Every structure is written in C-alpha cells, then in structure tokens.
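This report refers to the structure that appears directly beneath it.
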2 protein chains.
Amino acid sequence: MDNVNLKRLAKELNLAVSTVSRALRDSHEIGKETKERVRALAEQLGFQPNPHASSLRQNKSKTIAVIVPEVENNFFSQVINGIESVAPTKGYHVLIYLTHEDFKKERDILQLLRNGRVDGLMLSLSNTTSSFGHLEAYRQAGIPIVLFDRVCETIEDVPMIITDDAEMGYRATEHLIKKGCNRVAYLYPAGESSIAIRRGTGYQNAIGKYQPKQKPLFIECSTNDAQNQQVIRKLLRNKKERPDGIFAAIEKLAVNTYEVCHELNLSIPQDLKVISFSNLRAAALFHPPLSSIVQPAYEIGRESATILFKMIEKKLLLPNEKKIILPSKLIERASTADS
Amino acid sequence: MDNVNLKRLAKELNLAVSTVSRALRDSHEIGKETKERVRALAEQLGFQPNPHASSLRQNKSKTIAVIVPEVENNFFSQVINGIESVAPTKGYHVLIYLTHEDFKKERDILQLLRNGRVDGLMLSLSNTTSSFGHLEAYRQAGIPIVLFDRVCETIEDVPMIITDDAEMGYRATEHLIKKGCNRVAYLYPAGESSIAIRRGTGYQNAIGKYQPKQKPLFIECSTNDAQNQQVIRKLLRNKKERPDGIFAAIEKLAVNTYEVCHELNLSIPQDLKVISFSNLRAAALFHPPLSSIVQPAYEIGRESATILFKMIEKKLLLPNEKKIILPSKLIERASTADS
DNA sequence: CGCGCTTACGTAATCGTTTGCGCAGAAATT
DNA sequence: AATTTCTGCGCAAACGATTACGTAAGCGCG
C-alpha cells in the first residue's frame, strides 16, 4: 500500500480515519494539536483526497461540462477562456465536449452526462438542433444547465446568456446602407442556429426601415468552404443584381467572401462592402481590414459560469439573471469605407 | 429513492445486485434470458452507472487531462480538436486546463491531478517552465503523461510529439534569404519555450550557412502586444541596420510586425519580408497574405492522444513512438514575394 | 457528590459498483 | 450410480471519504 489515503494517515498517526478526515476538513470537533499533526503528515506525504470517493459520498463531482459546436473558432475559444477564469476559483474542473454541429452527438453527450459525472453544464447548441427533449430531460433531472450564444428560446427556466444579435444585425446593415450600399445581402449558415435567425431579423428590420422597396436578400450557406464559395461566386457574378454590400452572420462566411472577391478581382470596399460578426483579432490585418461586430466572448463565458455556479450552489436567480444580454461592439474598418 | 441504480434494478427484477451488474457487463456467467430482462429494464429506466462508484472501485477515471498555455490560439484549438477526435472513441472524457504561461499554475494543476482524477495527461509546457520536478513526480507515480509541441528534452521516458521546428526554422530563413533578404531578424517569445529555441537554432544555422558574415539577430519579445510593438518599432526605425526580413517564431509576433509596418508605412514585402509560424487559416487574407509555416496541429493532437491511450492500456511503446516528429508545411505567400 | 455538558475522538454505516468466492442444481463424465 | 464439471446466480467484501452517532474523560454547578 503505497497510496497515501486517509487510512494510511490514520495508521501512522494512531488515529481513527474519521478523525483524520475531520482534521483535514478543519472540523471544530478536533483538537488544535491533533489537527496540526494531521496536516503536517498530510503535507509531508502529499496527500490528495481521492475525488471519486468524495464524489460518490457527497454526490457531487466538482466538475462542469462545456459543450460547444467546435473549438477552432475564436469565439468559442474565448468563451472557454472566460469559463476557465471562474471554474478553478470555485474548485471546479472543466470537461469539454464538441458536437461538431451534430444534433445526435449533442444528444448523446447530454445523455452521457446524466449520471452525476458533472454538477452542471454549459451548452451552445449545434445548428442542427431543432428539438429540445434532451434539454428538458436535464431540467427535470434537476441538473443545472445554462445556454449561451446559440440558445433555445422556447424552453422554460433555463438561463441564457446571449448578445444583442438582432440589434447588432440592424446596426451592421444600417452601417452598410449609410456607407452607400443599395443592395445588401445577408449571408448566414444553414440550420437552426438561433443567432443566425436573430441577426437576420435585425438585417430585415434595417432593410425594411431604410430601403422598404428592396426585397431582403437572404443567402443561405453551409459549413463547407467550397460550397460557400460557389454560392458567393454565383451571387457576385450576377452583374445586374450584384449586391454592393454583404453582412455575414459568421466570420467564416466573411472569409469566404474575401476569397471569392480576390478570385473575381472585385475590390473591397469599392465594389463590395463587407461587415461580419467576428472575434478574430487579426481581422484588422485583412486586406482590407474587416469591419467587425465583436461579441464579448470572454464575458459570455464568465457570466455563464457565474450563473451556473449560482445554480449549483442552489442560490436563487434574480429575474434578470435568467436572460442576460451582453452588448457587442461594431468596429468600423476599411472593408466598409466610403468608396 | 428515485435514482436508478443497480440496487433499484435488482429489487425490481428480484435479482442480486451482482447479477445485475454482471448482466449489464455481458458476463458469460449470466443466463441469456436474465441478461435480456436486465437490459430491458435498464433501458426502460434509463439506467446510467454512477461513474464515481465505478471509478472508485476500478481505480480508473476514464478521463484524461489536457493542459495548455492558452486556448485562444488556433494551434492549441486544433490540437484539442485532434484529441477530441480520439478520446470519445475510447470512452474517455477530456478535462481542460489553462496555465496562462504560468509555471506555478502548471505545477499546481499537475499537483491537483495526482489523485486519480485522470488516467493520464497531455501537456504543452508554459514558457515560464524551466524545472521539471512536477513532471518527474508524475512519471514516478506511474501516471501516463505525454508532452506535445512545447516539450522538455531532458526528462526521460516521457513520450513527446513535436514538429520539425529546427528544420522549418532553417527553411523559413533560407526562404527569406533566397527571396533577397540580406538581414533577417528572428522574433521569438521570451521564456523557456522549447519551440522558440529549436526554431532559433534553425534560423542560426541558415544564417551561418548563407550569410556567415552576418551576426544572427535574435529579437526577444514578450506576451504583451504593446511591448512587442515597441520592440519591433525600435527595430524597424533603425534606418541603417533595419532588417529586410523577419522570421517570427509565433503568429502573434507576425501580427505585431504587421501592425508596426502599417504604422510606419513600411510595405511588405518591398521594405520587409515576413514569414511566421502560424496555423491561422485567415493568414491568406492578410495584407499582404502572410507566408506561413503551418504545423500539423490536428495530427499532433491525434497522435498525442493515441500514444497516451497506448500507455494507459499498458501497451509497450515502440522506440519510434517515444519521440514523434511530424512535418510542418511552408506556405509561400505574398509577404515574402520578390520585391 | 452526582448530574449534565462540553471536548475530543472512535465505531460503523453509507455512497454505487465491481468481483472473488460460495453454492445450489443440472449436465456430463467415468 | 457416483463423481466431476458446468451453469447461473447470490453473498459479501472491497474501493476511499464522509458523517450520524456513541463514548470516555474533564469540567462546572448546585
């Protein structure tokens, strides 16, 4: 027996296991001197309580799960960073899972975690998720769950942390129009993603307000770069009806747009102005620098984690903590300069 | 008692707990019919074995840890993605920890995990890590550990997965020289990072070979953007001795270089050619597109995880699995075009 | 002096799962 | 027919930490 556990400590100190346990947890039932002896030996032997035994007994895992569609994405990376800025201070560990935008995986992962492995979870929905039974099951099992960014508005009593997507969609479109665009297209990823819908709503409202005669131009894209380039190519080749402004719901689509523009020798912003949601710092180095709507990703992570821990600690959530909307920023760069 | 556990199943089926357990694990000792009954009820009640009880009993956690300096970095994101492509297929969960380039945090995290919470861990060292006792302790405790990218060459029997940094450092420098650079500077992050050293070695060798009269120009940078810009500004303002080529060890420093060039109205590649290690897809969209050395990040993650699981499964590692060197790619773009 | 109370610790049950061992009855072997 | 071998299942002891409860000594108090 070379593992150092309570039994080992107890034997070496001629104490009962329970005494050692209590001493280490600083119980008032244990004498000061004994506590010192225990602590000293524990320190010396590098004792670390077995987390599985603790978890089993106390029925809590000191672990939360973060489930995101992908991680190769500045937004989600920053969110994770934000979460990680909170979890360790609470003594919590962070499990990470990727759905790869696949509803089945999302459902399976949630199923997998319904057994006490985690005390709570934070989730940003895959864009193929259109039913929410897997969430409902959690709610009923009483496992705290928080949604962020890509949420589901119809489910009750699940806090959500989002950004002002519709507002920023409106402002992005408005920005393009004020810079002289007469025909703004909205590029968005196919699927059920709540953000694409909210951003599209803002887009539509802005068109409705400033160019009521225009028919909104919703361009559905996919997750495949080649396909997206094809779609964008077709859009921009159409001489007569070519848009002169593009509002991309996600960074990836702005990148695709840039790629096609280079290919077709269209210059931004003269021939086409582009703005996009993006958390990429290097967007400022693009040719030309990309006007961006930057989401407070780190804060989303922090807020989400903070709310989740409140729930885990059974604190009551204030009404305004059930739906938190954090403001994004519009950063104007050369891709939407006057031409 | 509304939790569904073995006891509950056993009671409802009039069986012993052990029988139920064995039935679910498909033991040959259990009759076919009984197995069916058990499985049916388990399915119906949505039974999920308690992972803490299992872990406690079997002394394994079905969990690995990934410890990286940061996550807001395409390289590490891709590595995590690669790891995640393996772990679930082995039934494993992935804990993530960030050191934020802080040795103390790294040490504390490793300390925290020495209690059975994980069956193994994958680590990329912080750049402030210069002693390795915390790793040694793991090796002695017999917990499998794999190093990737930022490794430590002096520790024995810890497999490492790295890229051909010195070789690519050489080729990057060579590339700049062949494109006409007469004075190439090497920008690298301060600290102990093994990659910065290996890349620098390649740089030095190339200078030694092609421009033996030149003194290598090692420019030490930090993690602070403003400071780095200051350093680079100073470097580039020096009219007489201004370098005409920059090889950046990490993406961040290439970004800083671009920023300063914009500021000083230096044009790339005419006034200065730039090449950098970078896994940023959008590097192709920079102004001008950034010549990059792209590391096989996803594969590094996959390989590391594969090796780790071999160790966890107590399989013997082949000699060539103890140090795996994966090739990077040099992608030539406009930032190093002939001027 | 006897009663209760506090202090400081020990005993043992518990969390849920796994697994060595035991033990019937049935089947197969001699 | 007597013995061995399976087959199928139950009993109970782990794993390591936590905690309700028990208990002995020491103390104050009437």
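FYI, side chains are in, hydrogens and waters are out, and symmetry mates aren't considered; it's all heavy atoms of this structure. Lettering follows sequence order; numbering is per chain, from 1. Everything numeric in this text was worked out from a predicted model, so none of it was measured.
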Worksheet entry | Verdict with supporting geometry, M122(B) and I64(B), side chain to side chain contact (heavy atoms under 4.5 Å, CB included) | CA-CA 8 Å; M122(B) 313 180 41; I64(B) 59 174; 4.2 Å; yes
Fill in: Backbone of S126(B) reached by a side-chain donor or acceptor of E106(B) within 3.5 Å
yes
Fill in: Involving DNA chain D, stems made of at least three consecutive Watson-Crick or G-U pairs, both distances under 3.5 Å
C:1-30 with D:1-30
Worksheet item: Roughly how many Å is it from CG in N59(A) to P in dT19(D), rounded to a whole number?
Response: 12 Å
Discussion item. Is N5(B) close enough to dC15(C) that one of its side-chain N or O atoms is under 4.0 Å from OP1 or OP2 there?
Written reply: no
Practice prompt. Could you tell me whether K35(A) and D26(A) have a side-chain N and a carboxylate O separated by less than 4.0 Å?
Written response: yes
Discussion item. For A16(A), give me all partners under side-chain contact (heavy atoms from CB on, under 4.5 Å), at least two apart in sequence or on another chain.
Written reply: S18(A), T19(A)
Worksheet item: When the distance from CG of L6(B) to C1' of dC11(D) is rounded to whole Å, what number comes out?
Response: 15 Å
Discussion item. Rounded to whole Å, please give me the gap between NZ in K7(B) and P in dA13(C).
Written reply: 14 Å
Practice prompt. Determine, for nucleotides 21-27 of chain C in 5'-to-3' order, which nucleotides have protein heavy atoms under 4.0 Å from the base (write B), from only the sugar-phosphate (write S), or from neither (write -).
Written response: -------
Item to complete: Give a yes or no on whether the backbone of N73(A) and the side-chain of S77(A) come within a donor-acceptor separation of less than 3.5 Å.
Response: yes
Fill in: From L326(B) atom CG to R302(B) atom CZ, the distance as rounded to the nearest 0.5 Å
12.0 Å
Response to the item:
Expected list for residues 13-20 of chain B near DNA chain C, using heavy atoms below 4.0 Å, is V17(B), S18(B)
Worksheet entry | Stretch residues 45-54 of chain A: residues that reach within less than 4.0 Å of DNA chain C through a heavy atom | none
Worksheet item: Backbone N or O of F148(B) within a donor-acceptor pair of the S124(B) side chain at under 3.5 Å?
Response: yes
Worksheet entry | Contact list for DNA chain D against residues 32-41 of chain B - heavy-atom distance below 4.0 Å | T34(B)
Fill in: Candidate nucleotides dT17(C), dG16(C), dT19(C), ranked by approach to the side chain of R25(B) - the nearest
dT19(C)
Practice prompt. Without swapping roles, check the side chain of T129(B) against the backbone of L125(B) for a donor-acceptor pair under 3.5 Å.
Written response: no
